[in-house]
Each structure stands twice: as structure tokens, then as C-alpha cells.
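Worksheet: one structure, shown below.
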Amino acid sequence: EHGASVLRIESRARPDFLRLYALGPDTPHGLEGSAMFDGLNAGKRSVAINLKRPEGRELARRLALEWADAVVENFAPRALAGLGLDHASLAAERPDLVMASSSLCGHSGPLRDYPGFGGQGAALAGYNLLTGWPDRAPVGPHGTITDSLAPRFLAAALAAALRWRHRTGRGCYVDLSQVEAAVYTLTPWLLAFQGDGVVRERRGNEDPTAALHGLFACRPEPGPDGTPIDDRWVAIAAWDDDELARLRAVTGGDVAGWCATRTRTEVAETLQAAGLEAVPVADFGDLHDDPQLSHRGHFEPLDHPVLGPGLYERGGFRLSDAPSGYDRPGPTLGQDTERVCEDLLGLGPSELAELRDTLR
């Protein structure tokens, strides 16, 4: 989004997990039918290289050693070592290599070989203890939260590592544990325990520092086809007794009943005008119509060669002196293989023909 050329290596033998995620009898486009993969890979290039083949591993090694500013990988520990593409193997030939790894528990420590996905990472970090209702079983946060958190930490660490090389000429290896990144985000609860020894557990939507903090059901709203949608909510917070008194004055004391007769927007605008915190609970579809996101150009329209027109979410920050955005949607599998092999590795037609089974 901000100018880097990103090559994503995969193959038909081992396609990206998110491509497989959408496969099913009702998915007509096969490996190209994953809207999630498309949305998360806008602007990137796909290079199809079968890393199980020695000639494929050699091509990936050449890209890392001859072209790339940085190598980022998300395999389980030991996987790349078995392919000769781990940091130790690559740095032996290129000491200034910048490389970053992100696995569930990192590449060191007693849990390094523990496999899993974001759901296990959330539980190991402690999120499941804090999310859900106090009188029910713990419920992990929606989505694989460590998969969403860890890349933010990794991007910052990768930028720091590149700056380090620019300043010193030396390489750097970043080993990020997704679980540790998630634990870091729970610092307020860890510090509270250190201070008073009390283990905080799930409290639903309550906040111990607020006079009132919760979600309230609102009046149904018409959907895109005109059919009423009754699952509409607003989040309201009153942080002290003064705010609580103002909230009661506006609502007549019955916050839930008052909200039930109004739309999310009506509730939020009325309470915000009174200086109170109130925000409509939005799903992803609602965000496309958000005026603030529209003003910021948060969604960029692009046309995918298989999935067709779509809106692609951008990052939350802009640089005043540098343009940003995507030059195209997510790539089809192997869309850029030949160009990369020709332009970056200097392979000719005969060499490409010999590698036909490897480059797919």
C-alpha cells in the first residue's frame, strides 16, 4: 500500500491457506474464489514455486539473496530449515539479510513446536478468560485474534530491522511469537494482577471503571432489500456519576427502553449531542456507508479478474508527502510467475519451459 513490491510465494501443491478456506461445492471459482484472500492481498504479486522441488527451492533462495530487501515467513518452526531457506542458511550467504518469522509460540522456548492457529493463540495468551459472560463458559474473541494482532507488531519490527541495516549495514532476524504479542496487549490486566493479586475474569460488556458500560438493542432498520433487520445495537458508556445523570436525563432513566424505540444512529447522535459516548455497533457491510471512512478514501474500488468489482480496505494511516493505495486487487495464483522469473532472475524461455512443473 505504501510502495513496497511484495512477492507472495505459493504453489498449486501448497496454495495459501486462505485460498483453500473458501473451497466448497457452492464456490464456483476454485482457488480463485476466496474473497478473504483477495481482500488481504491487494497489491501483492503471486509467484508459483513448488518448494518441494530442489529447483523450486533454488529459485526462492535466489529471490531472497539477490532481490529481496526482506524475507517474511509464517511457517511452523523447523519447516524452512528442512528446505534450506531458514535464516541461518540464508544469512550464511548474505550476512546483511533482514528476515522476520511469526509462528504461534516463536522459534525458541519450551513451546516452540506447539502447532496451532489463532484460536489456540488467543486461549494461550489469556483472551478466553476475559471474553464472554461471567456466568457462562469462556468464549474466545471473534476471529483469530493473534492472526490480526501479530502482523501489526511484525510490520513495526520489520521496519525497525530495515532501518537498522540502513544505519549499520548489518542484517537482522526478528522472531515474533504470536502468543507473546497477544499477551502484550493484555498488559492492563497483567499490571492490575501485579498490583493487587486479583485475577480479572470475563464481565460481559461491563467495565469496572465506568458508571455504565454496555450494548443496547435498537429499533430494527430496513436492509438493502427493504426487509427489516432487527439485530441492531448501540454501545453506550457513562464514565462517572455526572455523565450517568445526564444519560438518565436524556433517556428518562430507562436506557434500554429508550434505545429500543430509536435507531442506532438516532441514539448515537442524540447522546453525542449531550456530550456522552455512544456509537452504533457496525458490521463490515455497515462500514462501506460510514461517512468518515468515505471521506478518508478507506475503501478503494478495484476489479478482480475472477471475482469482479470489489471494495478493498486500506490501512488507517496516510502520509502527507507520499501517495499510497493499491495498483490492483489480490493476485490469482501464479499470476506474476513468468514476469518475476524473467525480470528479476533473468530466466529465458527455454529455462522457463524446463521449470514448467516447478512453476505452478
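Please read all numbers here as calculations on a predicted model, not as lab measurements.
- For His107 and Phe75, the gap between ring centers reaches or exceeds 6.0 Å.
- A side chain to side chain donor-acceptor pair (under 3.5 Å) check over residues 150-161, counting only residues at least two apart or in different chains, returns nothing.
- Under a hydrophobic-cluster definition in which Ile, Leu, Val, Met, Phe, Trp and Tyr are linked whenever side-chain heavy atoms come within less than 4.5 Å, directly or via other members, Val72 and Leu344 are assigned to different clusters.
- Here the OG-CG distance, from Ser102 to Leu149, works out to 10.5 Å after rounding to the nearest 0.5 Å.
- The side-chain heavy atoms of Glu201 and Val199, taken from C-beta on, include a pair separated by under 4.5 Å.
- Nearest heavy-atom pair, Val234 versus Arg264, reported as atom, atom and distance to 0.1 Å: CG2-O, 4.3 Å.
- Using a distance-only test at 3.5 Å, with no hydrogens or angles considered, a donor-acceptor pair links the side chain of Ser46 to the main chain of Gly334.
- The salt bridge (Lys or Arg N to Asp or Glu O under 4.0 Å) pairs that include a residue from residues 161-173 are Asp69-Arg165, where partners are two or more places apart or lie in different chains.
- Annotation: side-chain hydrogen bond (donor to acceptor under 3.5 Å, both in side chains) contacts of Ser5 (sequence neighbours excluded): none.
- Taking the side chain as every heavy atom from C-beta outward, Leu124 and Thr146 never approach each other to under 4.5 Å.
- Between Arg61 and Glu58 a salt bridge is recorded (basic side-chain N to carboxylate O distance below 4.0 Å).
- In this structure a side-chain-to-backbone donor-acceptor pair under 3.5 Å is missing from Asp336 to Arg45.
- Closest of all the heavy-atom pairs between Arg202 and Pro134 is O-CB, 3.4 Å.
- Within the 4.5 Å cutoff, side-chain heavy atoms of Val340 are placed close to those of Leu63.
- Side-chain N or O atoms of Arg328 include one that pairs as donor or acceptor with a backbone N or O of Lys44 at under 3.5 Å.
- Going from atom CG of Leu293 over to atom CG of Asp290 covers 4.0 Å, rounded to the nearest 0.5 Å.
- Contact check for Thr251 versus Cys259: no side-chain heavy atoms found under the 4.5 Å cut-off.
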As a quick check of understanding, evaluate ring-ring contact (aromatic ring centres under 6.0 Å, His included) for Tyr312 and His298, giving each step before the final call. CA-CA 8 Å; Tyr312 292 77; His298 187 70; over 10 Å; no

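- For His213 (side chain) and Asn205 (main-chain N/O), a donor-acceptor pair under 3.5 Å exists by modelled atom type.
- Applying the 6.0 Å contact sphere to CH2 of Trp189 captures no more than 12 heavy atoms from other residues, nucleotides or ligands.
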Could you check Leu355 against Glu55 for side-chain contact (heavy atoms from CB on, under 4.5 Å), going step by step and ending with a plain yes or no? CA-CA 8 Å; Leu355 293 170; Glu55 57 270 34; 3.7 Å; yes

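- Heavy atoms only, all atoms of each residue included: Asp303 and Pro329 are closest at O-CG, 3.5 Å.
- Atoms CG and CG, on Asp96 and Leu65 in that order, are 10.0 Å from each other to the nearest 0.5 Å.
- Between Cys105 and Leu111, the closest heavy-atom pair is CB-O, 3.4 Å.
- Summarising the local packing, CZ of Arg318 is surrounded by more than 12 heavy atoms from other residues, nucleotides or ligands at distances under 6.0 Å.
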Could you go through Asp175 and Ser108, starting from their C-alpha distance and side-chain angles, then the distance that decides it, and tell me whether this counts as side-chain contact (heavy atoms from CB on, under 4.5 Å)? CA-CA 9 Å; Asp175 176 20; Ser108 63; 4.3 Å; yes

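- Within 6.0 Å of CD in Glu300 there are more than 12 heavy atoms belonging to other residues, nucleotides or ligands.
- A donor-acceptor pair is defined here as one N or O able to donate and one able to accept, closer than 3.5 Å; no such pair exists between the side chain of Thr337 and the backbone of Leu359.
- Inter-residue side-chain proximity for Asn50 and Arg360 is flagged as unmet; no heavy-atom pair is nearer than 4.5 Å.
- Of the possible polar contacts, one joining the Arg200 side chain to the Val198 backbone as a donor-acceptor pair under 3.5 Å is found.
- Thr27 places a side-chain N or O within 3.5 Å of a backbone atom of Ala22 that can act as its donor or acceptor partner.
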Determine whether Ile236 and Leu276 satisfy the following criterion, side-chain contact (heavy atoms from CB on, under 4.5 Å), listing intermediate values before the conclusion. CA-CA 8 Å; Ile236 300 174; Leu276 298 165; 6.0 Å; no

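- In this structure, a donor-acceptor pair under 3.5 Å is present between the side chains of Asn41 and Arg8.
- When side chains are defined from C-beta on, Ser101 does not count as touching Val174, because their heavy atoms never get closer than 4.5 Å.
- In this structure, the side chain of Glu10 engages the main chain of Asp16 through a donor-acceptor pair within 3.5 Å.
- In this structure, His29 has no ring pair (Phe, Tyr, Trp, His ring centres under 6.0 Å) partners at least two apart in sequence or on a different chain.
- Taking CD1 from Ile145 and OH from Tyr127, the interatomic distance works out to 4.0 Å, rounded to the nearest 0.5 Å.
- Atom CD in Glu342 sits 10.5 Å away from atom CD in Glu351 (nearest 0.5 Å).
- Side-chain N or O atoms of Arg262 include one that pairs as donor or acceptor with a backbone N or O of Trp258 at under 3.5 Å.
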Can you check side-chain contact (heavy atoms from CB on, under 4.5 Å) on Phe17 and Met36, steps first, answer last? CA-CA 10 Å; Phe17 170 74; Met36 185 179 293; over 6 Å; no

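- Side-chain contact between Ser103 and Pro77 is present, with heavy atoms from C-beta onward closer than 4.5 Å.
- With rounding to the nearest 0.5 angstrom, the CG atom of Asp283 is 7.0 Å from the CG atom of Leu287.
- Residue pairs meeting the ring pair (Phe, Tyr, Trp, His ring centres under 6.0 Å) criterion with at least one member in residues 146-178, sequence neighbours excluded, are His87-Tyr173, Phe153-Tyr184.
- Both Val71 and Leu7 are assigned to one and the same hydrophobic cluster, defined by single-linkage of ILVMFWY side chains at heavy-atom distances under 4.5 Å.
- Ring geometry for His288 versus Phe284: interplanar angle over 60°, hence perpendicular rather than tilted (30 to 60°).
- Evaluation of the salt bridge (Lys or Arg N to Asp or Glu O under 4.0 Å) test over residues 232-245, restricted to residues two or more places apart or in two chains, returns Glu221-Arg232, Arg232-Asp286, Asp242-Arg246.
- Hydrophobic clustering, with ILVMFWY side chains joined whenever heavy atoms are under 4.5 angstrom apart, keeps Leu212 apart from Trp239.
- Open room surrounds CZ on Arg248; 12 or fewer heavy atoms of other groups in view lie less than 6.0 Å from it.
- Around atom CD of Glu93, more than 12 heavy atoms belonging to other residues, nucleotides or ligands sit under 6.0 Å away.
- Between Trp233 and Cys218, the shortest heavy-atom contact is C-SG, 4.1 Å.
- Using a 4.0 Å cut-off between charged nitrogen and carboxylate oxygen, Arg19 and Glu32 count as a salt-bridge pair.
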Show your reasoning for whether side chain to side chain donor-acceptor pair (under 3.5 Å) applies to Glu1 and Ser324. CA-CA 6 Å; Glu1 183 180 355; Ser324 61; 4.6 Å; no

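- Proximity of a side-chain donor or acceptor of Glu269 to a complementary backbone N or O of Glu266 within less than 3.5 Å is not detected.
- Ser89 and Gly84 get closest at one heavy-atom pair: CB-O, 3.4 Å.
- Proximity of Asp113 to Arg78: side-chain heavy atoms (C-beta onward) are separated by under 4.5 Å at one or more points.
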